Every structure is written in structure tokens, then in C-alpha cells.
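All remarks here apply to the structure that follows.
As the structure is a prediction and not an experimental result, all values here were calculated from the model. Letters A, B, ... mirror the listed sequences (proteins, then strands); counts begin at 1.
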Amino acid sequence: MPSSTLLAQSILSGLFIGALYGLLGLGLSLSWGLLRQISLAHFALAFLAAYLCYQLSHVMDPLATLVIIVPLFALIGVAIQWVFARFRVSPFNSLLVTFGLTVIVEAIIQGIWTADFRKLESSYGAAKFKIGALYVPVPELMTLVAALALAFGVHAVLRHTDLGRALRATAEDGPIAAAFGMNQKALALGLAGLCAAFAGIAGVCIALSYTLAPSQIYAWIGVVFATVMLGGLGGAIGPLVAGFVIGVSESVTMAVISPAWAPLVSFSLLILVLLLKPGSSR
Amino acid sequence: MNIVRRAMIGAIVVASFAGAAFAQQPSGTPIKVGSTLALTGPLASTGIVHQLVGEIYVADLNKRGGLLGRPVEWIVKDDQSKPDLARTLYEQLITVDKVDLLMGPYATGAILSAMGVAQRYNKLLIHHTFGIPNLAKYEGHFPAWSLGADPANTFNNTLHDALAAQPNPPKTIAVVTSKFPSIHFMALGEREVAKKRGMTEVLFLEWEFGNRDYGPIAARIKDANPDFIYVGAIGLEGNQLLDALKKIDYTPKYHFYMYPAPGPMATSPDTKNALAATMFEEHAPFINNPGAAGFVKAFNERAAKAGLPYTSVETQAAASWTAWQMLEAAVTATKSLDDKVLIDWLKKNRVDTIQGKLRFDGPSNYGDDLMRVKQVQNGKWVVVWPKSVAAPGATLQGP
């Protein structure tokens, strides 16, 4: 059996990576659940933001890049949504179109930064502190804090504000919501901008902790989709909790059994939940 | 009279230079050499290295008169890092583009695909970096990467020779490895070799290629605290593991990475004394091999111009250059483009390359294992073992 320190450190590691799953899953869950768009481009946007953060970090603090990245990506999200609305892209077609967008963004990234690995070197990279026997890396902690803040913030907005109610009502039944005076188009544009901005924030978190390569866009898709399915579509807290469950399960599997078994965890959990509680992801 | 004589001598000299230059100009129908490379997709960061090397070589070859006096045209297609696509494209190169000769792609999966096509058409296939020698069954394939027929045994023994020569050789080992095919069998071989060499294995771990979280793996290594970590890593995996070890304040003692991304591993502040396998580095005695110095200079410049973060020549670029040297040597010696003739010649002859003299008369057309042990020292890779090819003054640095 692993030592308690090893187990605790692994659980901590699982919480950190789970937070990133949740953060990436937040925008995906909202666009899937409320806009009825399955946006694979969410991952491409996150990596584009990571590369922008890497580039801008040569002239400014990596965290300060959020000032540029968040509004820029919100605009990109709005623009994509405008095109989708203009051409009435269906949920299934959105999957195909956003896959195409992902390939284009990957090619753009490769064209600008080459396919070689890029690593953001900053003072945050090596920053860490100790709690008892456990090491807490600062970049991962920042990701955790961002994921918690955004998830609970979005949850509060969706549950307790008129805007949130309008968004949920529009997702539930657009024509009826419109009949009650809700501007469906404006709400969709705003929400798409928000989702893309979340992708931007996730991208900055990725840049702070990971080495970048264009093809890594695809490495996250499977597990984050499982996170979103497990956490439920259209929610904010669900994907985060699912992210934690998957992240910690993977880490404990790595610590107790073998790292080779870890990739099976997310999809095994998903299958289990779908079998035991069908419809829970809707 | 004197003036006339001088003028005549001058005219003869000029004419002879012009004649020589004229003789070096290739003419006639170009010889088409076809290949695919991973120019996009997950292997593209290395694919571009092979592309640059091919471009430099072909340009240089044409300057030197081409092949058999004819210019060489290199047709390279993007296999998108997909072995299935590589298969289709090689088929196209033979049947549609009607290339005269093939040059192999990069990476084991794509090479294996190309090998199947080459076998079907009885074409010569010289390839760059094929990682699993015992999978190469076609008699017309020739490896430019001289790792021998059984590298899991021969190279790992070379590595242990290097460690055994240390004042305090490691006694315990952790073998942690990606399940990437050309890495995994090397790590399994290492387990056997380490056992035979009397090391105690304190940890063995495997992970799937593409693993994202190295935290728990690092925690288990720290828990086991081995004298030597053998990391079956390819690409960035080694850096990712070292990042995770750093986050829990663990500095490995002796640590080896099978095929790391050379740039990130050499230049990271956390990779001090990391060991890896190589067959060429930019220093003596390698640089003294025929043509090596000129190639290194040309590659450094082209790589910088292409925006590559790591511009040095190491295994990948050297294997690529070697492949072209092998093709040129075979065609020049046989004065033929007939694949069967070229295959027969390569089987029976040795080729002078920047790696040294290569032979192909062993099992699966493999010759000697010329893999060496290199180490990150002062932000650069230097070969440290065997001593005969170590960088001047370089020795393996311990913890």
C-alpha cells in the first residue's frame, strides 16, 4: 500500500488536474446545454489563448495577459455565435463545424509558433509552498481558485439573477421565452462570448502549468467531454465536481495501481453513471 | 610573345574551370525521389527537422552534379503523422508520381506503413528513425539509424557500462515508462539488463502515451527514492515528469530518458545531468566525420531561419542526413536506379556516413549498435560514453 503522504499528494494532484478539467468543461457545458452547440473549438480556443499568453509573457506578466485575452476571446466567441445563428447551425452540425475550426486554429498555431514545444518560463512556474508534508504548486493552485470562482460565480448568476433565469428559459424553450420578451439572439451572443472567455482563462492556466504543442489540443477532448457528460449539461458546479471526481480517481489509480490504468477511469465512471442513472447528463 | 603566352595560359585555366563547373551541372530528366514526412500533426515538430535536412541535402547534391549526372527532384508529401495516410501516399508516389526512388518517412509507424508498400513494389526503402528493429522484415529496407538489431539489450548494456564506471555506481533502479511502442520494449529490456547487472528494482510503472498528470508518478518515484531512474520517455514526457518531480522538491540522482525532445530537455533549468541516447552530437569526434561540419553549419542556419527553438543537429537530423548519404552512395557506386541492384549493393557494402561506417549485413539488415550515452551539461548535450566518442574533456556527471 502507498504511504499516506504519497496518497495525499496524489489526491492533491488529482484535485488540481480535476480543476482544469472542470474549468475547460465549464464553457463547453454552458454552450452545449444552453446554446445547444457542441463546441470542439472550445479546446482550440483554449490552446490559442495559451499560446497568446506564452507570446505576451515576453513583454508582460502572464497573469496580466488576461486583460487582453479575456475580452479578445469574448469577441471571438460572439463572432462565432453570430455566424452559427446566421446559418442556423444545428447541434450535430456544430460538432462538425467546430471540428473544422479546431483544425484551422491548430494550423494557425503551427504556422505562427511551429509544431515545436513551447514552455512559458515565469516566476510562477517554480513557485510552491508546503502544507505539512504536502507540496502545493502555485500555478495549479491558481487554476483551482479560478475554476472554483468561475463555477460558483456562474452558478450564482444562473440560479439567482434574471439574466440566468432568462438564459435557462431560452435554453428550455426559445420561442416561449421570446414570447415573454427575452432577446434570444442577444442572450446567445453574450453566452457564447462568456464561454469563449472561459476558454481563454483555461488557456492561461494551461500555459502556466504545461508545455505547449499544437497537437495537444486533442489530448484534452476525451476526458473533458467525459467530465461534462458526467457533470451534466448547462450547469456550472456539475462539471467542476465531475472534474474533481475524475481527476482524483485517476490520480489515486496511478498511486495505488498503475498510471497505465488511469485513462480508463474517466470513461468507466461515465459508463457507470449512464448505466445507473440514465438521463443524468441532460 | 610573353603576353600572348600568358593570355593563352589564362584562357586555358578559365576554360578548364568553366569546363569543371559545366561538368558539375546536372542535366537531363530529373531523378524523382519520393517520400512523406509528418509535416503536420503530433509528430510535426520532428518532421520539420527531416524536411530541412532533405532540402539541404538535395540542394547540395544538385550543386555537386546530382545523381548519375541528372538533377534530383525531391517530392515530399505530408502524411499528417498518420501511418495509414503514409501508406496511401507511398502508393501514390509509386503509381501516380512514378518516382524513381523512395526515401522513408519519419517515425516507426509511418516507416512500417511505407515498408509494406515498398515490399509490394520491390522498392528500396532507406528510412530515418525506425525504433523497433525486429518489426522490419522486408529485405529491401535499410535503417539510417544505427541502433543495431537488439538495442533493448545492447544499448541498455552500454548505459550500464557508463553507470558502472562511476565512483559510486547506482544500486537501485526505478523503471518508469510510456507505453509508446518504440520506447516500451526498450524499458522492458532495461529491466532484464538491470537485473543481470545486479541492480535492485524498487519501482516499475507504465503509463499510456499522452498522459497529462505526472504528479502521482512523481510522488511514487519520490517514495521509492531510487539511485537511478530509467524513464522510457519520448518527446516531452521526460520534461513533464521532471516538472512534476520539481514540484514535490525531488531531485533525481542518476536519471535517463530514452528519446526526449532534445531542445526542451537540454535548455530547461531542471534537467541538469539528465542522460539520454544519441548517435550524433555537434562536437568532436562526430563533427570530424566527412561532411559533418558543413552539414551542421547549414542545418543550424536553416533551423534558425525556420524558427525552430532548437537548432542543433542530433539523432533525428543526423539519421536523416545519413539516409540521403546511403541513397547517394548506393546509386553512385552501382550507377543504377534499379531497386534490386541498389538493395544488393547496400547489403554487401559499408557506407561512410556522418555517424561513421554503417553496415547492413546483420539480422533484419541492421548492423552495429552505434548508440551512445549523452548528458545535459551546462545547458548542452554532450556525449559522455563510450569514452572513445565522448566530447573532449566530458565525463559522466553524477549526483
Residues, nucleotides or ligands: over 12 heavy atoms within 6.0 Å of F99(A) CZ: no
Proximity breakdown for D243(B) and chain A, heavy-atom pairs closer than 4.5 Å: side chain
Test side chain to side chain contact (heavy atoms under 4.5 Å, CB included) applied to Q216(A) and R212(B), step by step: CA-CA 10 Å; Q216(A) 283 178 357; R212(B) 288 170 298 271; over 6 Å; no
Options L20(A), V136(A), I17(A), ranked by heavy-atom pairs under 4.5 Å with chain B, top entry: I17(A)
Side-chain donor/acceptor of K119(A) to backbone N/O of S268(B), under 3.5 Å: no
Heavy-atom side-chain contact between D116(A) and Y310(B) under 4.5 Å: no
Partner chain B: residue of V223(A), V252(A), L12(A), T5(A) with the largest heavy-atom pair count (under 4.5 Å): V223(A)
Contacting region of V256(A) [heavy-atom separation from chain B under 4.5 Å]: backbone
Segment of D223(B) engaging chain A (4.5 angstrom heavy-atom cut-off): side chain
Proximity breakdown for I257(A) and chain B, heavy-atom pairs closer than 4.5 Å: backbone
Top contributor to chain B interface from Y210(A), W261(A), Y21(A) [non-hydrogen pairs under 4.5 Å]: Y21(A)
Heavy-atom check, side chain of S45(B) versus side chain of T114(A), under 4.5 Å: no
Heavy-atom closest contact (Y135(A) atom, I248(B) atom, distance): CE1-O, 3.4 Å
Proximal component of L39(B), with respect to chain A [non-hydrogen, under 4.5 Å]: backbone
Heavy-atom pairs under 4.5 Å with chain B, option from E106(A), Q110(A), Q9(A) with the top count: Q110(A)
side-chain contact (heavy atoms from CB on, under 4.5 Å), paired with I217(B), selected from S13(A), P259(A), S251(A): P259(A)
Portion of A244(B) that has a non-hydrogen atom of chain A nearer than 4.5 angstrom: neither
Winner by heavy-atom pair count (cut-off under 4.5 Å) against chain B, out of P214(A), G247(A), S3(A): S3(A)
For the student: nearest non-hydrogen atoms of K246(B) and A126(A), plus distance: NZ-CB, 3.7 Å
Options D249(B), V176(B), I48(B), ranked by heavy-atom pairs under 4.5 Å with chain A, top entry: D249(B)
Nearest heavy-atom neighbours spanning L6(A) and P216(B): CD1-O, 4.2 Å
Exceeds 12 heavy-atom contacts within 6.0 angstrom, atom NZ of K380(B): no
Check: P264(B) and T211(A) side chains under 4.5 Å, non-hydrogen atoms: no
Exercise: identify the closest heavy-atom pair between P309(B) and F117(A): CG-O, 4.1 Å
Proximal component of K179(B), with respect to chain A [non-hydrogen, under 4.5 Å]: side chain
Nearest non-hydrogen partners of K128(A) and K247(B), listed with the distance: CD-O, 3.2 Å
N/O donor-acceptor pair under 3.5 Å between R220(B) side chain and M254(A) backbone: yes
